[in-house]
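Please read the structure below before turning to the comments.
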Number of protein chains: 2
Amino acid sequence: MDLQNHPILFHIRKNITPTAEEELFFISLLNSLKLKQGEFAEKAGEVTYNFIHVTSGCLMTYYTDKDGNDQVIQFATSGWWTGDLHSLTRQQPSIYTTRALADSEILQLPKVRMEELLDRHPIFERYFRIMFQNSLVTHQNRIIEAFTATAEERYHNFQKKYPQLEQYVPLKYIASYLGITPEFLSKIRRKK
Amino acid sequence: MDLQNHPILFHIRKNITPTAEEELFFISLLNSLKLKQGEFAEKAGEVTYNFIHVTSGCLMTYYTDKDGNDQVIQFATSGWWTGDLHSLTRQQPSIYTTRALADSEILQLPKVRMEELLDRHPIFERYFRIMFQNSLVTHQNRIIEAFTATAEERYHNFQKKYPQLEQYVPLKYIASYLGITPEFLSKIRRKK
DNA sequence: TATTTTTCTTAACCTAGTTCAAGACACTTT
DNA sequence: AAAGTGTCTTGAACTAGGTTAAGAAAAATA
């Protein structure tokens, strides 16, 4: 896809109005990448620190605990940002893994380049501030949901939020996202 | 407390380096307020949209669902920001309530003034971007914890994270924060 | 000091969700 | 077509945590 005319620019222009030069600089920092289903964009333990924008397809970001259990943090469909904020903030290896659930196109913004961007063109601070602020609302809602809704309610909310995902995402990842076992998700499905 | 020399300025200077004029302007937007234990800083349904910085004491922010159940989202001790991001972002009445758990001193930054601040002095975008980014890490950890840890583990993590809170926060709010009933928290406590 | 109100604990019973183990279904690959 | 592999379902037994209701302790008020 042509980077000079990439959909991400339209998203940016909804929130801020950079100059042509600033846009060009931003674009120059990005790695454009195609992932096949199952491929990794970022692996836990590595020190890559990319911030990732999903152009098309779908990625998931998950955390693996000491017992080897995966906990899916989020699904990122087109137009979303994802990545390991934790390691982006501190100087530590990534604790999350980001992986393609379908053939996907992504843009990678490496940590150091993001810092470069924000130092040189502080106008982008606003863009990321708004993005983080919105993301925080989503996360707060997820916390409320986790504590107050039943597994069945969470499942129906998931279906509303990601209408087409269920068709190609293996059930075990959906179950993980919902915080239940695959077996129990199977039982919920049967009831319908 | 003297606003010109307020601890919040030291926190700001750790992240950005505003001019004296910018600092003064920021300070001029803040309402300084003392709350007695039990008093409200923000009530659900109202249209105040304050962003709140806790100078001393402790506040909690909670969500009340249609059945009248409270879900505590976070405790904010000194140095923290809190408030209703949801209504801060959209033009809707607040869905969260923020209340003092102990006598507290706070700074209120009304939504419209925050916008004014960011428009006039974009350097503060960076300050809030960093703040939201850090907050997001905290929220992500809480989601992982909610789904992977047992109630007992969450309780012990809570004790580590907020060492002195348990002494003056009513058990029902701690239970709510942990996503369990007060009765079950009582059972967990007995085991020790 | 007595009284009322709120907070916390205990116990008996109940349920949402887990664990384990067996099959069923859908795929590739041969 | 057979055989192998991964994904999904089903069921029986179990456990973490909820519900209800009663009482104990503590704090507020008279």
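First the proteins, then the strands, lettered A, B, ... as listed; each starts at 1. Every value quoted in this text rests on a predicted model; they were computed, and no experiment measured them.
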How many Å lie between [atom1] on [X] and [atom2] on [N], as a whole number?
| X | N | atom1 | atom2 | result |
| --- | --- | --- | --- | --- |
| Phe184(B) | dA16(C) | CZ | P | 17 Å |
| Leu178(A) | dG17(C) | CG | C1' | 13 Å |
| Ile180(B) | dC8(C) | CD1 | P | 13 Å |
| Ile188(B) | dA11(C) | CD1 | P | 16 Å |
| Phe147(B) | dT18(C) | CZ | P | 11 Å |

If you pin Glu183(A) and Ala151(A) to their nearest nucleotides in DNA chain C, which one's is more 5'?
Ala151(A)
Which listed nucleotide (dT10(C), dG17(C), dT18(C)) is nearest to the side chain of Lys187(A)?
dT18(C)
Would a line drawn from the ring center of Tyr162(A) to the ring center of Phe75(A) be shorter than 6.0 Å?
yes
So, do His121(A) and Phe25(A) have ring centers that fall under 6.0 Å from each other?
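Ring-ring flag for His121(A)/Phe25(A): true, centres closer than 6.0 Å.
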Considering only heavy atoms of chain A and a distance under 4.0 Å, specify the first and last nucleotide of DNA chain D in 5' to 3' order that meet this criterion.
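Listing 5' to 3', DNA chain D meets chain A from dC8(D) to dA12(D).
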Considering just the side-chain nitrogens and oxygens of Arg189(B), establish if one lies under 4.0 Å of OP1 or OP2 belonging to dC8(C).
no
Taking OP1 and OP2 of dC8(C), is either one under 4.0 Å from a side-chain nitrogen or oxygen of Arg190(B)?
no
Examine Arg142(B) relative to Tyr177(B) and say whether NZ or CZ is less than 6.0 Å from the centre of the six-membered ring and inside a 45° cone about the ring axis.
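Yes, cation above the ring, under 6.0 Å and within 45°.
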For Phe40(A), does the six-membered ring have the charged nitrogen or CZ of Lys43(A) within the cation-pi criterion, i.e. under 6.0 angstrom from the centroid and within 45° of the normal?
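Yes.
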Would you indicate whether Lys111(B), at its atom NZ, is surrounded by more than 12 heavy atoms from other residues, nucleotides or ligands within a distance under 6.0 Å?
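Enclosed: over 12 neighbouring heavy atoms sit under 6.0 Å from NZ of Lys111(B).
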Got a sec: does the CD of Glu21(A) have more than 12 other heavy atoms crowding it under 6.0 Å?
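For Glu21(A), atom CD is not crowded (no more than 12 foreign heavy atoms under 6.0 Å).
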